[in-house]
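Read the structure below first, then the notes.
Values below: all heavy atoms of this structure, side chains included; hydrogens, waters and symmetry mates excluded. Because the structure is a prediction, the values reported are computed rather than measured. Chain letters run A, B, ... following the sequence lines, proteins first, then strands; residues in each count from 1.
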There are 2 protein chains.
Amino acid sequence: MKPFEDMHPSEIRKQIREQKITGTTAGMAKGYTQANLVILKKQDAFDFLLFCQRNPKPCPLLDVTEPGNYHPVKLAKHGDIRTDLPKYRIYRDGVLIKETTQIIDEWEDDMVGFLIGCSFTFEGSLIENGIPIRHIDENSNVPMYKTNILCEKAGLFEGPLVVSMRPMTYKNAIRSIQITSRFPSVHGAPIHIGDPSEIGIVDLNSPDFGDAVPMKEDEIPVFWACGVTPQAVALQSKPTIMITHAPGHMFISDVRDENYSIL
Amino acid sequence: MKPFEDMHPSEIRKQIREQKITGTTAGMAKGYTQANLVILKKQDAFDFLLFCQRNPKPCPLLDVTEPGNYHPVKLAKHGDIRTDLPKYRIYRDGVLIKETTQIIDEWEDDMVGFLIGCSFTFEGSLIENGIPIRHIDENSNVPMYKTNILCEKAGLFEGPLVVSMRPMTYKNAIRSIQITSRFPSVHGAPIHIGDPSEIGIVDLNSPDFGDAVPMKEDEIPVFWACGVTPQAVALQSKPTIMITHAPGHMFISDVRDENYSIL
């Protein structure tokens, strides 16, 4: 059993807040939804909210906080997005200036937090269904690729769709389409299966983010819209300040993954 | 055959723009999605967008226009929300001041249009499945009720969930849950079946909006979140100006209903 797998999210968040937990959150609080975080100032928030609304597959919004309010009430009433993630990244004018374990000093009273669904949710369901996930078995990061598919622009925010890839047998590819279709609010069904060049990916062995995973003889690549997309797009617009989770250091919510299944 | 049932949406929008069509749009352009419209100024748009994001069942956003842009590009690239609906209502400070057939003179360059899914989409699918819809058979409006369920508040916007009700046999109730679950982005599955008092409805024969429909012996009421909710909530906040469609006079999009099914 992985550490913290059976611990309640509120207890894990407390230990994170006290900086007893500082590592990645993968595998913690099994069955509970984890979320990506993007924090922007109010002046950028409307356009970013619109971007997410227009691009729901890569940007599934699970919660958006009121300007200045750091409690993500839909995901965890007593949670605090300034302290409850193990590691943050702070960007000024599009440049990473530091990583830190909490952002109380950086928080401003017109900041808006966007909590965005992540593939941990549907991966849990795939595993429950006996479908092996290569990068988890290899203890590496999922491979992610920029595609030639452009997101729908909103205000300043524009850029290519980023996808994650999981190799599957044909049989498991079909089953994984069924399973992830049940979760439209956390990326949903794949956006592509098969030939990577169709979506502008030249070499599966050279992902733009994460780690390459080997493909077996009887497998095809299956591609899902990826939550890295909104961060990448937001950065391109060089906002005065933007704060995000550090990769893999997510917000653990009080909501169960199954709450996001529609069937 | 109803008039305009087989006409393409772009042709119907043209006839509306030329004021050759001025009535309700129910039954027109069969198989194509129709949408509710709410127009607000930019200053209110962030909170309203947040309200919709927090309450996706009553407020399924199909398209949101950029401030000042009157083309709903996701729904109909060449559509114009100032002219392409047969009738509009203009409210100032929460008070209805007039109904009109186009709003070119009222349009301001910081206005944002919200196009919100409507139950016509899933009713089409219910009918295709042989499930009778009482208010359609009786040629009346669907009965709608305010409930004791509060929407998630966002900024100024708050209020009760409004639901629409369709009587169903138990068998059809089950099938209708399956069918509407396929359409999470146009209200999705019912929010309640059975005893109306559970959600604060005192008398099914006295709907708050629309017309009462008779219940038969072997039927139960089935309740869906209703697109009247966001309009009612927006009005309560008394925005300086708000423009909506007149009831039943919807925007007819170029997108097919089946595009919104996830399975």
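Residue B/L263 touches chain A through its side chain alone, counting heavy-atom pairs closer than 4.5 Å. Looking at A/K153, only its backbone comes within 4.5 Å of chain B, counting heavy atoms on both sides.
For a heavy-atom cut-off of 4.5 Å, chain B lies close to A/S181, A/P184 in residues 177-196 of chain A. When the heavy atoms of residues 53-75 of chain A are compared with those of chain B, the residues falling under 4.5 Å are A/Q53, A/R54, A/P56, A/L61, A/L62, A/D63, A/V64, A/T65, A/E66, A/P67, A/K74, listed by number.
Among all heavy-atom pairs drawn from A/L49 and B/L50, the shortest one is CD2-N, 3.8 Å.
The environment of NE2 in B/H78 is sparse: at most 12 heavy-atom neighbours from other residues, nucleotides or ligands sit within 6.0 Å.
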